[in-house]
Amino acid sequence: MINVTLRQLRYFDALARHGHFGRAAEACSISQPALSMQIKELEEALGGALLERSARQVALTTFGAELAQRVRDILRSVDELGDFARASRDRLAGRLRVGMIPTIAPYLLPKVIENLARIHPELDIHVRETVTPKLIQEVAEGRLDTAIVALPVSEPSLAEVALFSEKFLLVRPGADEGTPVPSHEMLREMRLLLLEEGHCFRDQALAFCNMQSPPREVLDASSLSTLVQMVGAGIGVTLIPEMAVAVETRSAPVSVARFRNPQPSRTIGMVWRKTSPLARQLLQISEVVCLSAGKVRGRQANGSPSRNPRS
């Protein structure tokens, strides 16, 4: 009988993901020597080398790569045992791992956390902010319980629940205040500032302009805040989601305008595994997210008149 522990499997999973002993040890909150010892014991128990070690990085052997996927399946099943136990309770309690994309998290997350803490005080909420492809992978692999993203994601293993829709607004230099709003065709001829590749909002902005790629080479940004500040410096124009307007334009000399109908928009929703025992509880969480989004939009509607979008 092979003597393998769940702790060893979790350590190996972390090492397979990070490809580095130091980063894996940090992710597991243990020392690097302790991690190395546990991996060595796992190799001895399984009777084969899992890693090819070098000074800079760690690569999986063929055996290690095949084992890594099996280990992820095992760990996901173990985690779902805990989810099953939580799902049997009448109240929402315990750990909840939530992911959000960067074009939502800074604006919606504070209100979501506030409302969840008030309505479900026994929840222990862990938040992960990253781009959609990573969130989808982590939900599918069981590392996250749910994610709040722009729909659709079209992942067969995941359930999707639409929460609300929001418009995209045009951000221009302050000197353009009151001038006609360009059409999406005209935007193709302008210096359109975008988020870097990997952000779904970039793809949505390009789709509105019927472009496969930006027409000019411009510095891509990693955040909406950087985009708005670049616009304020007169470098170009950009699109931002409606929920971001109040936060991102308060300290930048820019003007905000709505496009003519049909206005560009996106649908925000939650996704989780179809097999998740927490599906019923996650539906309750989705109601809190909708409540939070309504309060965020209401707060923006009462914001500074100089920042109110103009048609």
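No experiment lies behind these values; they were computed from the predicted model shown.
Using modelled atom types, one side-chain atom of Arg202 and one backbone atom of Leu195 make a donor-acceptor pair closer than 3.5 Å. Counting only distance, with no hydrogens or angles, the side chain of Arg23 and the backbone of His20 share no donor-acceptor pair below 3.5 Å.
With sequence neighbours left out, Val131 forms a side chain to side chain contact (heavy atoms under 4.5 Å, CB included) with Pro133, Lys134, His199. Under the rule for a side chain to side chain contact (heavy atoms under 4.5 Å, CB included), the partners of Val127 that lie at least two apart in sequence or sit in another chain are Leu109, Ile113, Ile125. Listed by chain and residue number, nothing satisfies the ring-ring contact (aromatic ring centres under 6.0 Å, His included) test with His126 (two or more places apart in sequence, or in another chain). Take Phe21 and apply the ring-ring contact (aromatic ring centres under 6.0 Å, His included) test, not counting sequence neighbours, and it matches no residue. Checked against ring-ring contact (aromatic ring centres under 6.0 Å, His included), Phe12 has no partners two or more places apart in sequence or in another chain. Residues satisfying the salt bridge (Lys or Arg N to Asp or Glu O under 4.0 Å) criterion with Asp13, sequence neighbours excluded, are Arg17, Arg72. Under the rule for a side chain to side chain contact (heavy atoms under 4.5 Å, CB included), the partners of Pro241 that lie at least two apart in sequence or sit in another chain are Glu166, Phe201, Leu224, Ala244, Arg266. Annotation: side-chain hydrogen bond (donor to acceptor under 3.5 Å, both in side chains) contacts of Glu185 (sequence neighbours excluded): Ser183. Judged as a side chain to side chain contact (heavy atoms under 4.5 Å, CB included), and not counting sequence neighbours, the contacts of Glu160 are Leu151, Pro152, Val153, Val271. Taking Arg260 as the reference, nothing meets the salt bridge (Lys or Arg N to Asp or Glu O under 4.0 Å) condition, with sequence neighbours excluded. For Asp203, the salt bridge (Lys or Arg N to Asp or Glu O under 4.0 Å) test picks out no residue, with sequence neighbours left out.
Here the NZ atom belonging to Lys274 is positioned 7.5 Å from the OG atom belonging to Ser157, to the nearest 0.5 angstrom. Note: Leu291 CG to Leu163 CG = 12.0 Å, rounded to the nearest 0.5 Å. For the atom pair OG1 (Thr238) and CG (Leu193), the distance works out to 5.5 Å, reported to the nearest 0.5 Å. Within the model, atoms CD of Glu287 and CD1 of Ile119 stand 9.5 Å from one another, a figure rounded to the nearest 0.5 Å.
If you check the side chains of Ser292 and Asn115, you find a donor sitting under 3.5 Å from an acceptor.
Nearest heavy-atom pair, Thr267 versus Ser165, reported as atom, atom and distance to 0.1 Å: OG1-OG, 3.4 Å. The shortest non-hydrogen separation linking Leu194 to Ala205 is CD2-CB, 3.8 Å.
Within 6.0 Å of atom CD in Glu155, more than 12 heavy atoms from other residues, nucleotides or ligands are found, so the atom counts as buried in its surroundings. Under a cut-off of 6.0 angstrom, the local environment of NZ in Lys40 is sparse, with at most 12 non-hydrogen atoms contributed by other residues, nucleotides or ligands. No more than 12 heavy atoms of other residues, nucleotides or ligands sit less than 6.0 Å from atom CD of Glu197.
Between Ile101 and Ile148, every side-chain heavy-atom pair lies at or beyond the 4.5 Å cut-off. Between Leu42 and Gln38 the shortest side-chain heavy-atom distance does not fall below 4.5 Å. Put simply, the side chain of Met100 reaches to within 4.5 Å of the side chain of Val112, judged on heavy atoms. In this structure, Leu144 and Thr146 have side chains that are not in contact, with every pair of non-hydrogen atoms separated by 4.5 Å or more. Side-chain contact between Ile285 and Met270 is present, with heavy atoms from C-beta onward closer than 4.5 Å.
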> How far apart are the C-alpha atoms of Thr179 and Arg172, what are their side-chain angles, what is the distance that settles it, and do they pass the side chain to side chain donor-acceptor pair (under 3.5 Å) test?
Replying inline: CA-CA 10 Å; Thr179 60; Arg172 302 180 287 180; 2.9 Å; yes

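The side-chain hydrogen bond (donor to acceptor under 3.5 Å, both in side chains) test with Glu242 singles out one residue from Gln263, Lys167, Arg258, and that residue is Arg258.
We find that Glu114 and Lys111 are joined by a salt bridge, their nearest charged nitrogen and carboxylate oxygen being less than 4.0 Å apart. Ionic pairing of Arg128 and Glu138 is present here: one or more N-O contacts between side-chain nitrogen and carboxylate oxygen are shorter than 4.0 angstrom.
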Residues 27-36, side-chain donor-acceptor partners within the protein, below 3.5 Å, at least two apart:
| from | atom 1 | to | atom 2 | distance (Å) |
| --- | --- | --- | --- | --- |
| Ser31 | OG | Ala34 | N | 3.3 |

